[in-house]
Amino acid sequence: MDRDSGEELVTLEHVQRVVLSSCMPLGPIDIGLSDALGFVLAEDVHAADDLPPFANTAMDGYAVRADDTNAAPVELSVIGVLPAGTAPTQVVEPGTAIQIMTGAPMPPGADGIAVVERTEPGSSDGTVRILERVSPGAYVRPAGSDLNRGDLAVAAGTVIGPAHVGLLASLDATRITVHARPNVGVLSTGDELVSGTVPLELGQIRDSNRQGLLAALQRDGFVGIDLGVRRDDEEAISTGIREGAERCDALLTTGGVSMGEFDFVKVALEALVAEVGGQSHQFRVAIKPAKPLSFAAVAAAGGRLVPVFGLPGNPVSSMVSYQVVALPALRKLAGHRSPLPRQIPAVAADDFERRPDGKLHLLRVIAAMGADGRIIVRSAGKQGSHQLAALAAANALALIPDGVGVTTGSEVRILLTGPLE
Ligand code: AMP
Ligand code: MG
């Protein structure tokens, strides 16, 4: 129950469950490895070969028979040189050594490496003095010592990072199967909104939600599609959503979901779902900011159900709602196996006072690493749902449960929204 308005509220977890259950990972696509960064792997990749493919040396030095060095210091005759990239043509017979560089294949007969720093020139030309005993296998990287042929190299569900790209390249997995990245349309609603550099009339404001959300989509690895601004008119909004649903895998709208007379998004979504099929939900979420939220899965061409997030209009609310509801759903579409944001423990460096109102408060805070290794959080500034400056200064949302707040030094859970300071 919202103690301010008397409305029934639902928990954030409930809304996340409903929304996630209507979003399924997008179908798999084949892409080239050079485009793979940030995609979620849809199928396991197994090593097609041993990695490394042949036994080689980890150090510059001399390939020797370990037994020959038991009485070190000893002199061996150097019968050849093996740079990296060269196949051996000689056998290391007893009493001999081959000079070898990091990465070169182990020559037959040799079973250890005398590193160059533990050698010196021998008493005559063509000899080397091995100063210390070499144990069998010393500095040898056996074939398959990273991965054996057939081993799981990268598991389905992995978010491809630079090291995965490197590993897959070393296995010659040049094309991989990933979940498609959602194309996400962003549409603003409101008669007061102006885009472009024009002087504002009294009552007008610049559209900030669309730009902010398109940037968030870009940051989070989705493809943002700018669907412009629609007037506060049911028909105009409905057409915008309908057209967007044909072009996109998901839609974000802002504004028009509260209790005002001109709040047409929820009306438009309900009417659209009644006409074309799908489901719609009107939520009063027990959070502050971002209490109102419309969500619909709208039937579109090809039997698709396109999730539409009717985010609230206030700039901070729209971004918070994106962060805690839309982002997890988009991550699920993109194939992420754990799409919900992680709650991280931190310590309050300010008093975060509040009054009981039936809601979880999500405060805009600055999280930094404290001297004792724990994360500390302080307020990022004014906490009104129209006050974008504090959101811009923040790198985390602090979760302050219903009650009277949290005092300096107490534990508080946070959601990181940017890099830790
Ligand atoms: P609404 O949810 O449509 O009632 O809007 C709530 C508040 O958010 C109002 O003050 C709007 O002017 C503001 N607002 C709505 N959409 C935007 C937008 N795209 N950019 C900036 N402010 C907005
Ligand atoms: Mg509005």
Side-chain angles (χ1 to χ4, degrees), residues 2 4-5 7 9 15 184-219 224-241 243-244 248 250-272 280-296 308-327 359 362 364 381-394:
D2 186 337
D4 298 326
S5 66
E7 293 166 306
L9 301 175
V15 173
V184 185
V186 182
L187 181 132
S188 292
T189 71
D191 284 340
E192 72 280 33
L193 300 180
V194 171
S195 26
T197 307
V198 288
L200 297 179
E201 307 280 344
L202 179 62
Q204 294 184 325
I205 56 166
R206 301 191 196 282
D207 177 2
S208 60
N209 292 349
R210 197 159 38 100
Q211 299 303 324
L213 288 171
L214 286 166
L217 292 169
Q218 189 179 348
R219 174 198 64 188
I225 296 177
D226 188 348
L227 300 178
V229 182
R230 297 286 159 145
R231 300 286 134 219
D232 284 319
D233 171 82
E234 186 184 333
E235 186 63 33
I237 291 172
S238 176
T239 308
I241 293 173
E243 288 172 3
C248 302
L251 296 183
L252 307 176
T253 69
T254 66
V257 292
S258 14
M259 304 303 276
E261 214 171 304
F262 297 98
D263 286 332
F264 288 118
V265 169
K266 63 179 181 193
V267 188
L269 278 177
E270 274 171 354
L272 191 58
S280 80
H281 304 264
Q282 309 304 333
F283 295 119
R284 304 271 141 211
V285 194
I287 58 174
K288 182 182 180 177
K291 178 175 69 168
L293 175 76
S294 287
F295 172 72
V308 182
F309 300 87
L311 308 179
N314 273 307
V316 175
S317 310
S318 67
M319 205 52 107
V320 167
S321 197
Y322 169 81
Q323 204 73 40
V324 297
V325 180
L327 174 57
K359 288 172 279 196
L362 298 119
R364 277 66 76 202
K382 295 179 199 153
Q383 298 288 332
S385 61
H386 64 294
Q387 289 169 319
L388 261 180
L391 183 68

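As the structure lists them, so they are numbered: ligands from 1, and atoms in each ligand from 1.
Nearest to atom 2 (O) of ligand 1 by heavy-atom distance, out of Gly260, Pro292, Gly310, Gly313, is Gly313. Looking at Ser317, Gly203, Gly256, Gly212 and measuring to atom 1 (P) of ligand 1, the nearest heavy atom belongs to Gly256. The option from Asp207, Leu213, Leu311 that lies nearest to atom 19 (N) of ligand 1, judged by heavy atoms, is Asp207.
Listed by number with element, the atoms of ligand 1 under 4.0 Å from a non-hydrogen atom of Ile205 are 12 (O), 21 (C), 22 (N), 23 (C). Heavy-atom contacts of Ser188 reach the following atoms of ligand 1: 19 (N) (cutoff under 4.0 Å). Within the listing of ligand 1, atoms 3 (O), 4 (O) sit less than 4.0 angstrom from a heavy atom of Asp263.
In this structure, Arg206 has a heavy atom closer than 4.0 Å to ligand 1. A heavy-atom separation below 4.0 Å is found between Ser208 and ligand 1.
Taking the six-membered ring for Trp and thresholds of 30 and 60 degrees, Phe264 and Phe262 have ring planes more than 60 degrees apart, a perpendicular arrangement.
Counting only heavy atoms of the protein, atom 12 (O) of ligand 1 lies nearest to Glu192 OE2, 2.5 Å. The protein non-hydrogen atom at the shortest distance from atom 17 (C) of ligand 1 is Asn209 ND2, 3.2 Å. Regarding atom 10 (O) of ligand 1, its nearest protein heavy-atom neighbour is Asn314 OD1, 4.0 Å.
Salt bridge absent: Arg284 and Asp2 never bring a charged side-chain N and a carboxylate O closer than 4.0 Å.
Residue Val257 has no nitrogen or oxygen atom sitting less than 3.5 Å from a nitrogen or oxygen atom of ligand 1, judged on distance alone.
Counting heavy atoms under 4.0 Å from ligand 1, residue Val229 does not touch it at all.
With a 6.0 Å radius and a threshold of 12 heavy atoms from other residues, nucleotides or ligands, Glu192 has its CD atom above the threshold.
Contact check for Leu391 versus Pro315: no side-chain heavy atoms found under the 4.5 Å cut-off. Contact of the Glu243 side chain with the Leu227 side chain is not registered, since no non-hydrogen atoms from C-beta on lie closer than 4.5 Å.
For the pair Arg231 (side chain) and Gly190 (backbone), a donor-acceptor distance under 3.5 Å is present.
Once rounded to the nearest 0.5 Å, the distance linking NZ of Lys266 with CD1 of Ile237 reads 12.0 Å.
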Should Lys291 and Glu7 be marked as a side-chain contact (heavy atoms from CB on, under 4.5 Å) after you check the CA-CA gap, both sets of side-chain angles, and the distance that decides it?
CA-CA 11 Å; Lys291 178 175 69 168; Glu7 293 166 306; 2.7 Å; yes
